[in-house]
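One structure is given here, and the rest of the page talks about it.
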There are 4 protein chains.
Amino acid sequence: MAGVNKVILIGNLGRDPEVRHLENGTAVASFSIATTESYKDRNTGERKDITDWHNIVLWRGLAEIAEKFLKKGSQVYIEGKLKTRSWEDKDGNTRYTTEVVGDNMTMLGGRGSAENAPPPQASGDQLRETASETGTIDQNSEEIDDLPF
Amino acid sequence: MAGVNKVILIGNLGRDPEVRHLENGTAVASFSIATTESYKDRNTGERKDITDWHNIVLWRGLAEIAEKFLKKGSQVYIEGKLKTRSWEDKDGNTRYTTEVVGDNMTMLGGRGSAENAPPPQASGDQLRETASETGTIDQNSEEIDDLPF
Amino acid sequence: MAGVNKVILIGNLGRDPEVRHLENGTAVASFSIATTESYKDRNTGERKDITDWHNIVLWRGLAEIAEKFLKKGSQVYIEGKLKTRSWEDKDGNTRYTTEVVGDNMTMLGGRGSAENAPPPQASGDQLRETASETGTIDQNSEEIDDLPF
Amino acid sequence: MAGVNKVILIGNLGRDPEVRHLENGTAVASFSIATTESYKDRNTGERKDITDWHNIVLWRGLAEIAEKFLKKGSQVYIEGKLKTRSWEDKDGNTRYTTEVVGDNMTMLGGRGSAENAPPPQASGDQLRETASETGTIDQNSEEIDDLPF
DNA sequence: TTTT
DNA sequence: TTTT
């Protein structure tokens with residue numbers, strides 16, 4: 001039962017986020033981010049880059065923030081959980097897709113970042129609460145307690 | 001170029017690790033670990049568990065330690081990177097598999113843990129160095145420097 | 001404004017937790033955990049251990065769980081934030097103490113773990129909510145949503 | 001014995017780094033970074049910020065990169081270990097200072113970032129190896145293996 | 001598909 | 001496929 005499932009990524013969006021809404025209005029954002037690491041080939045001595053692409057899924061308030069402020073090229077910090085979904089393809093084979101379901105996001109500076117005063121930091125939990133209480137997404141605020149921890 | 005790609009998991013092995021060796025002798029261990037989280041269903045009030053399975057891959061010294069000391073049920077801490085490999089299935093379709101390539105492992109106590117005095121902690125970097133210098137896997141040792149940081 | 005402040009520790013308690021209650025009843029638990037790493041001295045070739053001690057502070061529900069289930073020797077996973085408090089010593093000098101304020105805890109198996117069916121995992125957010133709604137600490141449950149993410 | 005001691009921070013430098021050199025030439029950089037989180041006061045409804053300051057210490061190649069490319073205001077990702085040092089003050093009292101000894105650093109875009117083409121990412125391990133083999137600090141390169149993991 |  |  002005990003378990004820890006944590007992913008921490010800093011990367012850049014390959015495309016603008018795609019946002020859809022469930023029937024009940026819940027927003028879901030999907031996008032990919034690239035993380036790159038450099039290494040030197042032991043044989044040739046050449047420097048090489050390896051890029052990994054990660055499928056990110058954001059729910060509710062975080063999805064709405066992503067829709068408003070993230071775009072192709074944006075650099076973000078994403079903290080979340082690894083989730084693998086299964087689905088059936090057209091040939092009836094079970095397929096698996098692994099995604100990072102983010103519960104915390106921080107926008108980082110850089111070329112692709114938003115021009116329109118983005119909220120740099122947002123947490124899924126905070127947003128969920130705030131949204132459910134005020135009916136609007138009020139990023140960057142918490143309703144947790146008078147003590148911040 | 002800048003990027004961070006980090007995964008932190010604590011879970012239990014679903015089966016014994018599978019270890020294979022490349023032609024040059026390099027060991028590669030594969031296994032899955034389960035992480036479970038509990039939540040209470042908002043509608044029914046029932047408590048429910050969600051289990052996520054994660055494919056772990058370990059290389060070289062870490063693979064050999066996994067082979068020796070991990071087995072079905074063992075609880076481990078794994079720190080690593082997310083990597084998605086693509087391959088072609090029998091129908092010629094491109095398929096993707098996401099794995100956590102571990103570079104740090106700590107064995108945690110519990111029912112499924114090894115009886116034979118396992119090394120509790122091991123790092124890929126340390127083992128790689130040690131192995132290359134001594135020809136044997138000497139877990140729990142570093143050759144880094146007289147200063148430990 | 002954007003920021004990330006995250007600490008992840010796995011270690012063992014040096015003593016039983018100390019728990020006190022604020023005037024409003026809020027529980028606060030304090031204890032230290034040790035993390036140990038091994039390295040080999042480059043000059044002498046000796047293997048050496050370095051132990052670091054970390055001051056942990058838990059609030060509310062997590063504090064109550066710590067009080068019930070953690071004791072000297074228990075192995076725990078702690079996730080939290082770094083906080084440095086300042087205070088004045090008897091000579092009027094400002095002193096600083098750095099603590100890890102935990103918002104997530106998982107009890108791990110091992111020698112010092114509790115005998116009385118401990119809850120292996122608990123999150124500060126979950127507990128806070130649950131406690132405020134039911135008046136009791138019901139660890140291992142969330143009230144977040146019908147969707148677990 | 002098994003242990004994990006990991007800190008992950010994203011913040012901004014409060015001042016330029018201070019770099020000193022040990023007698024054997026080893027570089028050591030020190031600086032503080034601020035992480036800020038927002039919350040809404042439950043009573044007044046006001047939004048408030050809390051800033052935490054963290055003492056960062058970098059060794060060797062990372063210290064030299066910090067010296068060259070970080071300055072007051074720079075935003076950085078720091079990954080490292082918590083270390084508490086003790087020392088004696090002028091009154092003979094034992095004092096404790098907690099620092100984050102970084103083993104990984106990524107420079108992030110933003111207002112305070114360097115103008116002179118900074119290396120965005122660097123790892124202590126990589127740099128140590130590279131430095132010892134080439135005599136120069138060649139950031140952004142690894143000498144680990146032909147396989148990047 | 002990103003970024004430097 | 002694990003674990004409690």
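Every chain is numbered from 1, with letters handed out A, B, ... down the list of sequences. In this text the structure is predicted, and so the values were computed from the model without any measurement.
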Between the side chains of A/Lys83 and B/Glu37, is the shortest nitrogen-to-carboxylate-oxygen separation below 4.0 Å, so that they form an ion pair? yes
Can you tell me how far [atom2] of [N] sits from [atom1] of [X], to the nearest Å?
X: B/Lys71; N: F/dT3; atom1: NZ; atom2: P; answer: 10 Å
X: A/Phe31; N: E/dT1; atom1: CZ; atom2: C1'; answer: 13 Å
X: A/Lys48; N: E/dT3; atom1: NZ; atom2: C1'; answer: 20 Å
X: A/Arg15; N: E/dT3; atom1: CZ; atom2: P; answer: 12 Å
X: C/Leu108; N: F/dT3; atom1: CG; atom2: C1'; answer: 12 Å
X: D/Tyr77; N: E/dT4; atom1: OH; atom2: P; answer: 20 Å
X: A/Ile50; N: E/dT3; atom1: CD1; atom2: P; answer: 20 Å
X: A/Ile33; N: E/dT1; atom1: CD1; atom2: P; answer: 17 Å

Side chain of [X] only, please: which of [options] is the nearest?
X: A/Trp53; options: E/dT1, F/dT1, F/dT3; answer: E/dT1
X: B/Ser32; options: F/dT3, E/dT2, F/dT1; answer: F/dT1
X: A/Thr51; options: E/dT2, E/dT1, F/dT1; answer: E/dT2

Can B/Asp49 and B/Ser38 be counted as having a side-chain donor-acceptor contact under 3.5 angstrom?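 Side chains of B/Asp49 and B/Ser38: pair found under 3.5 Å.
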Got a sec, which residues hit side chain to side chain contact (heavy atoms under 4.5 Å, CB included) with A/Glu46, two or more places apart in sequence or on another chain?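 A/Glu46 satisfies side chain to side chain contact (heavy atoms under 4.5 Å, CB included) with A/Thr44, A/Lys48 only.
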Can you list the residues that meet the salt bridge (Lys or Arg N to Asp or Glu O under 4.0 Å) rule with A/Arg95, with sequence neighbours excluded?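 Only A/Asp89 meet the salt bridge (Lys or Arg N to Asp or Glu O under 4.0 Å) criterion with A/Arg95.
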